[in-house]
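Input: a single structure, listed below in structure tokens.
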Amino acid sequence: MFPNVPTYSDRIIQATFETLYMVSFSLLFAVILGLPLGVLLILTSPGHLLPNRPIHQLLGTIVNIFRSVPYIVLILWMIPVARALIGTSFGTNAAIFSLVAGSAPFFARLVESSMREVSRGVIEAAQAMGARTWDIIWKVLLPESMPGIFAGITVTAVGLVGYSAMAGVVAGGGLGAMAWNDGYNSFKNDILFVATVLLIIIVQLIQWFGDFLVRRVDHRS
Amino acid sequence: MNDKRMVMNDKGMTMKSKEMAVNDKGMAVKNKEMAINSKGGHAEESESFIRLKHVKKLYYPGTKREIAALKGIDLDIEKGEIFGVIGYSGAGKSTLIRLINALEKPTDGEVWVGGVNMATLTGDALRRKRMKIGMIFQHFNLLWSRTALENVLFPLELAGWPRARATQRARELLDIVSLSHRKDAYPARLSGGEKQRVGIARALANEPDLLLSDEATSALDPKTTDDILELLLSINRTLGITIVLITHEMRVIEKICDRVAVLDEGVIKEVGRVRDVFAKPQSAIAKRFVAEALDAEDVLMRETARGPVSEPATDRLLTSSGETRRWRLIFVGEVAERPVITELIRQHAVEINILRGEIKRLKDTPFGTLTVEVSGRLEDIQKARRYLEQTGVIIEPPGEE
Ligand SMILES: Nc1ncnc2c1ncn2[C@@H]1O[C@H](COP(=O)(O)OP(=O)(O)OP(=O)(O)O)[C@@H](O)[C@H]1O
Ligand SMILES: [Mg+2]
């Protein structure tokens, strides 16, 4: 059934780790960049705590550009960036650049929309109690939108698994690259199949864990 | 004749004055770092605790969608009183109350609280002042990500209390609002009344001297409304906190307010002691609110009785024994609890036909209305009127027979 799997077992394990590596680090950076970006988007929006039309529109436009460029084009865009910053456009580290560029703006929008759910009244109550903008961000906006943010992280992570397979083909590394090089191009369908199954399992685990976290922090019902 | 209305409801008269067990020690918690200097702005001669001077508020000023929410408000609110503002939707009530803690800035005029012009406060001074002004809301505005106890901790965190002391204080506050047993529940699991209790505990956290209530009972059923109002009343009494509340329900005003302002389209149409406004509303809108609180038909009749055109036929009816008058008698205060009518019949040669009547309690003041037909000789009717007026009964229509 799987003639090539035993000989490729080390490669399979390595590729799995590469995928997990790319996904987790891209996710980390996407959250580190996307969360403040999302907070800025919401705070500067009209009628919010720090309404500022120019900044809001500038950030919104940047986010929209990155979100509307097809991912394969984003990969090409980030090749020179990776080269400039880490000296190479090859390997899992280089792939992380385009993965972050593709997912951080997306995540920022998810943060913005879940924070928009926090009611005006609750924010005003905090102001009436003498909260600073900073207090409102940390003690109101973030905790109150936690289920939405965790759901957003989950969606982003699942997306990153798919994108990492594509990025891997170009930059080299991960289950996507293995499926393409060692599976499809080498006429080894069992390798292609195993790569696919592993990707599905990773996505399932992420989704399951994400749903679990969302349920843990959601006290709305 | 309507006998049903005669069943005088004395439930209101024996209102239980269940006093809250307030932990004085807890309320007196105070340390030096926490001591708040409320003199952020320059003080003035102002005697009233809260003073609004010619306050105007425009939304979107200078644009075509400009809205004049408040059109020149002058208002004085004294320390320790419960002051109500009543008005229909869109009257400008929320705008008015939000000026007091500077959630809104007046377009024109001044808002003084505790001798401080709120417009002069910014940054930390404003934040400290706001910590001394509690606020509760129609929709509670609790953080659903926090338990009841954690919600009460929130303002203490903002004020920089050390964790252990803050937790201790939050527990005491939940005790004051009788919610200790629900301290670990999230708001989603609390009933409306319980949520508002958490809101009240939260508003009291930093020992405010003023509590603002924006329709705090409007989302609650009548029974729960009464419970919350009683809680507010006992907070006012035991802690001496001034309360400013806004509402569109007269029952809220009559139950706990000392004074009331009637707001309509951004203008205060009438302001006075609740008992006076109930007894003799001056403005058309105050009459409408009083009518709603008493008996619509009753006040309707009172209107027609006053008007020269639609004098009811029965009013000047000649009977065998003489004449008949229809009066609406208003009893305010102690006179409402005396057997005035019995005395009247015993001492005067008139017949009394009671059409309808009602007794309620305006905070501590008994208040009753009775619509009667008085028949007899003109002379005796006049005597009866004099007797009633001497005992302190207000008669409508007023004047001579
Ligand atoms: N933030 C705002 N921006 C623009 N217009 C406002 C704002 N707040 C209130 N208004 C307008 O000002 C007027 C008074 O509103 P306000 O909320 O003070 O009335 P209210 O008496 O509290 O009414 P309700 O009982 O419905 O709460 C209304 O016409 C309202 O549309
Ligand atoms: Mg309102």
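Below, chains carry the letters A, B, ... as their sequence lines are ordered, and counting in each starts from 1. We use all heavy atoms of the structure for the numbers below, so side chains are in, but hydrogens, waters and symmetry mates are not.
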*Let me know if B:Phe154 has heavy atoms under 4.5 Å from chain A in its side chain, its backbone, both or neither.*
side chain
*Please flag which part of B:Leu142 lies under 4.5 Å from any non-hydrogen atom of chain A: side chain, backbone, both or neither.*
backbone
Take atom [atom1] in [X]; do more than 12 heavy atoms of anything else shown fall under 6.0 Å from it?
X	atom1	value
A:Leu50	CG	yes
A:Arg216	CZ	no
A:Phe17	CZ	no
A:Phe25	CZ	no
B:Tyr88	OH	yes
B:Arg189	CZ	no

*How long is the span from the CG atom in B:Leu158 to the CZ atom in A:Arg132, to the nearest 0.5 Å?*
8.0 Å
_Using 0.5 Å steps for rounding, measure from the CD atom of A:Glu124 to the CZ atom of B:Phe137._
7.0 Å
Which pair of heavy atoms, one from [X] and one from [Y], lies closest together, and at what distance?
X	Y	result
B:Trp144	A:Val217	CZ3-O, 4.0 Å
A:Gly121	B:Asn141	O-ND2, 3.0 Å
A:Gln127	B:Leu103	CB-CD2, 4.0 Å
B:Met131	A:Gly130	CE-O, 3.9 Å

*When heavy-atom pairs shorter than 4.5 Å are enumerated against chain B, which of A:Glu144, A:Met129, A:Met146 gives the highest number?*
A:Glu144
*Output the option from A:Ala125, A:Pro147, A:Ala126 having the highest count of non-hydrogen pairs under 4.5 Å with chain B.*
A:Ala125
*Among B:Gly134, B:Pro155, B:Ala205, B:Gly123, which has the most heavy-atom pairs under 4.5 Å with chain A?*
B:Pro155
*Heavy-atom pairs under 4.5 Å with chain A are the metric here; pick the option from B:Arg202, B:His139, B:Arg130, B:Glu157 that has the most.*
B:Arg130
*A:Phe193: partners by side-chain contact (heavy atoms from CB on, under 4.5 Å), with sequence neighbours left out*: A:Phe2, A:Val197
_Enumerate the side-chain hydrogen bond (donor to acceptor under 3.5 Å, both in side chains) contacts for residues 20-36 of chain A, please, sequence neighbours excluded, ordered by first and then second residue._
A:Tyr21-A:Asn93
